[in-house]
Amino acid sequence: MPLLTDPLFYALAIPGFILNGISKGGFASGAGNVAVPLMALAVPAPQAIGISLPVLCVMDVAGLRAWWGKWSAREMRAILPAGLLGLVLGILAFGLIPARGMSLLLGGITLVFLARSLWQRFRGASPAPEPPNQAKAWFWGTASGFASTVAHTGGPPLAIYLYPLKLDRAALAATTTVFFGVMNYAKLVPYWGLGLLDTTNILTSLVLIPAAPVGVNLGIWLQSRISDRLFYNIVYVLLAITGAKLVWDGLS
């Protein structure tokens, strides 16, 4: 069959992509890409990664329409070239790095970042926004581009740089959406060369694409109806869940 027909696969993939869309549309990708680990319960991980890319590209179009012109130009000039460098490194390393090792590394970094944020809150003071830092932008931008290429998990590394800047939430969501939009479209050709976009994967992606605008628009609707403090609390909770899941994947 040129199209996946396993009901379990779709039962996992459809809610996964809706959650991804909510995260992309209103929460600056704070939930990470939950669809890939969910789909990987029913199909091999490389196939889940390949199926995910076209759906993510459609989500990016919906997100760009909502956030066009609201991104931070200053931060984009720093993180976008770094992300493209990470993409090249990821393509060169694709298949060479054990998936468990990558999951453990990214999950550990994410949880350390969250522990730092919680400690600052426990001390009773809200940390002041950190100033932009070119070295940090290049490091975390490259790490995000690399992780996005090998596993669609670039959200946590980018969040480690962007969240402490305390950008306006619209600017944060827009900057994140544009960054990953460029990354995802830049991955199309190398993914095709790696055999991840074969007929079966593309046809399956087409079936799942309607979940993309549903999730993105729901995320946009939710984002405009909550306070800044609640917004960042939700983002941190989503990062905690993602980081714990990545560590679990690395250890299990």
Side-chain angles (χ1 to χ4, degrees), residues 1-25 27 29 31-64 87 90-91 93-103 106-107 145-156 177 180-219 238 241-242 244-246 248-250 252:
M1 293 291 293
L3 174 70
L4 290 179
T5 57
D6 182 4
L8 173 61
F9 169 80
Y10 290 101
L12 295 169
I14 292 173
F17 279 119
I18 290 176
L19 288 173
N20 278 7
I22 292 173
S23 179
K24 276 181 166 290
F27 299 94
S29 296
N33 192 333
V34 297
V36 168
L38 285 175
M39 289 190 294
L41 298 175
V43 298
Q47 186 175 15
I49 291 170
I51 291 171
S52 183
L53 182 58
V55 185
L56 294 176
C57 287
V58 174
M59 287 184 187
D60 293 326
V61 172
L64 286 171
L87 185 151
I91 292 298
F94 197 93
L96 299 179
I97 299 177
R100 290 182 179 179
M102 175 59 68
S103 294
L106 290 176
F146 181 88
S148 176
T149 302
V150 299
H152 295 318
T153 54
T177 297
F180 287 113
V182 173
M183 292 298 106
N184 287 334
Y185 278 92
K187 287 185 284 187
L188 286 171
V189 172
Y191 268 39
W192 178 82
L194 291 168
L196 298 176
L197 296 177
D198 58 17
T199 302
T200 298
N201 289 356
I202 291 177
L203 289 176
T204 304
S205 298
L206 291 174
V207 174
L208 294 169
I209 277 176
V214 172
V216 171
N217 289 322
L218 183 56
L238 293 175
I241 294 171
T242 304
K245 179 65 170 64
L246 289 170
W248 177 263
D249 290 344
S252 62

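The analysis underlying the following values was restricted to heavy atoms, covering all of them including side chains, and did not include hydrogens, waters or symmetry mates.
Scanning both residues, Leu196 and Pro46, for their nearest heavy atoms gives CD2-O, 3.6 Å. The two residues Ile209 and Val58 have their closest heavy-atom pair at CD1-CG2, 3.7 Å. Nearest heavy-atom pair across Gly50 and Asn201 is CA-ND2, 4.4 Å.
A 4.5 Å side-chain heavy-atom check between Met39 and Ile49 finds every atom pair outside the cut-off. Between Val43 and Phe9, some side-chain heavy-atom pair lies under the 4.5 Å cut-off.
Although no hydrogens or angles enter the test, the distance criterion places a donor-acceptor pair under 3.5 Å between the side chain of Ser205 and the main chain of Ile51. Side chain of Tyr10 to main chain of Leu208: no donor-acceptor pair is present (N/O by atom type, distance under 3.5 Å, no hydrogens or angles). Between the side chain of Lys187 and the backbone N or O of Ser148, at least one donor-acceptor pair lies under 3.5 Å. Listed for the Ser52 side chain is no donor-acceptor partner under 3.5 Å among the backbone atoms of Ala48.
Partners of Leu203 by side chain to side chain contact (heavy atoms under 4.5 Å, CB included), not counting sequence neighbours, listed by chain and number: Pro2, Leu3, Thr199, Leu206. Taking Asp60 as the reference, Lys24, Asn184 meet the side chain to side chain donor-acceptor pair (under 3.5 Å) condition, with sequence neighbours excluded. Under the side chain to side chain donor-acceptor pair (under 3.5 Å) criterion, Thr204 pairs with no residue, sequence neighbours left out.
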* To do: Before giving the answer on side-chain contact (heavy atoms from CB on, under 4.5 Å), spell out for Val61 and Tyr185 the whole-Å C-alpha distance, their side-chain angles and the decisive distance to 0.1 Å.
  => CA-CA 10 Å; Val61 172; Tyr185 278 92; 3.1 Å; yes

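Leu12 contributes atom CG, which lies 11.5 Å from atom CZ of Phe17 (distance to the nearest 0.5 angstrom). Between Ile18 atom CD1 and Leu218 atom CG the span is 8.5 Å, to the nearest 0.5 Å. We find the CG-CE distance between Leu53 and Met183 to be 12.0 Å, quoted to the nearest 0.5 Å.
In this structure, Tyr191 has its ring center closer than 6.0 angstrom to the ring center of His152.
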